[in-house]
Every structure is written in structure tokens, then in C-alpha cells.
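Report on the structure given below.
Note that ligands are numbered from 1 as they come in the structure, with each ligand's atoms numbered from 1 the same way.
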Amino acid sequence: MRQFTAIDMLTVWEQGLNQTRLYRALLFLMATHPELDPNAIAEWSIGQRDRRLLQLRKQLFGSTLVSTCVCPECSERIEWQNNVNDILIDEEELNDSDFDLEVDTYKVRFRLPNSLDIAAVINTDDIDIAQTDLLKRCVLKFSNKGKERPNAKLPKKVVAALSKRVEFLDPHAEIAIDLACPACTHRWDVLFDISSFLWTELNDWAERTLQMIHVLASAYGWTEQEILMLSPVRRQLYLGMLRP
Ligand SMILES: [Zn+2]
């Protein structure tokens, strides 16, 4: 992964402003892997994509994640903290792109869902239908008692088994964070979406950075590029000198 500069961060932010959440995730990774074809990045499994986004988050903003949410039982607003290193799972790099599953007399050859699959089902309102359609897109071959069958005929129990297997093979695709409410002791899981989280942080950072550029450029006459080339420590020191 290439080291991001402040200029890269502002470029990704500007390119992502009016884009979907899905495309923003890809923008981050296209910037960190300029040597790769963007289509190849879009074909990374969701877990592989999100694992790289978590690593990028560490590089850009450190490993402590802080967020807030509301307790579903008592509506108490709570702040939670987690560490990227606790979310990143040591997994063996998958050498295969295709996998096999057998359920009773059914045999399925499949691949893992990627960003293109998500894009294809994202506008489906019913989450269960979207999930099933997503999995069906990933079936390369489906047969019953040795006879090939169309993907549309995938029985529910095969869809359920496939969903479990995908979750096992691609553990970063769905990151659940275990929370406990200090007010009522209720425990529940929240799904952590690294692409939205990272985008919100980048957006906040970009707004603060543009404000800082405005102040320094007005005072010293430096260009945006010159200010961004300064280390954060120097920028802060120059800002401090402007305050009476
Ligand atoms: Zn509560």
C-alpha cells in the first residue's frame, strides 16, 4: 500500500464528494493502489476490500476508533471505542477465487461477493431479496444429483449454507461490534461499516484542512500546495504564531 500524503487525501475527498458510498470505498483503494486496474480493485471481495480500508484507516488516522450510537432499549446515547487491530483478523491469504459447497444432493461452485455485485443489488429495497440475489450472482455452477440447474432455482437451505460459508471465508465483510449500555446493561451488536466511517473522518479532516489553508494562505501568501507540503507540526506552529 502506498503512503498517502495530505494532497492525496484532499484529492480523494474532492473526487468522492458527490459519489455513492460504494464508489468512495473504491476511490480510497484506487489512490493507494495506482498500479492496479480499477476493475481489479472492484473485483476484490468485500472482506478483502474492507480489510485494506481498515489498514488505510490506521495509516491516516491511527488505530483507535471512536463513535457514538443510541441504545435500542433505553435510548441512552453512548460513546464506544474500539481498536482497528482488534477488528483485523489474521487470516490466511486466499489462494483460490472459486470455492465448492455441498448441501445434501446439491453442489455449488461459487466465488465471493465483490463491489460490482453490491452495485447490482444496492437498489433492491427488500434486504432479504437483495442478500439472496447477491449470493445467486456469485454462483458459478449449481447442480442437483449431478444435473446442472439454473442459479434462480437455488433452494433456501442452499442459500443459507452459502451465506454462512461466504461469511466464514471473507470475515471482514461483516464487522460486528459488541456493545453494552452503561445505563440499562442491554447488550447488542452494531455493524461497523469502515467505508462510511473513513469517509466521514476524511470529510471532517478536509473541512478543517481547507480552513487552515485559508488562514495560512491569507497571512503568509503561501500556495495551497506549499502549505500541504508542510508537516502538520509546522502548520500548527505557524497557526499558533498568528494568534495574539
Ligand atoms: Zn440502554
Check each of K141, K107, R109 against D100 using the side chain to side chain contact (heavy atoms under 4.5 Å, CB included) test, and report the only one that passes. R109
The residue among Q55, R57, R52, H172 that forms side chain to side chain contact (heavy atoms under 4.5 Å, CB included) with I194 is R57
Does CG in D189 sit with more than 12 non-hydrogen atoms of other residues, nucleotides or ligands closer than 6.0 Å? yes
Does any donor atom in the side chain of T68 or R77 lie under 3.5 Å from an acceptor atom in the other side chain? yes
Side chains of D8 and T5: do they bring a donor and an acceptor to under 3.5 Å? yes
Determine how many protein N/O/S atoms sit closer than 2.8 Å to the Zn ion (ligand 1), leaving waters out since they are not shown. 4
salt_bridge(K145, D104) N-O dist < 4.0 Å: no
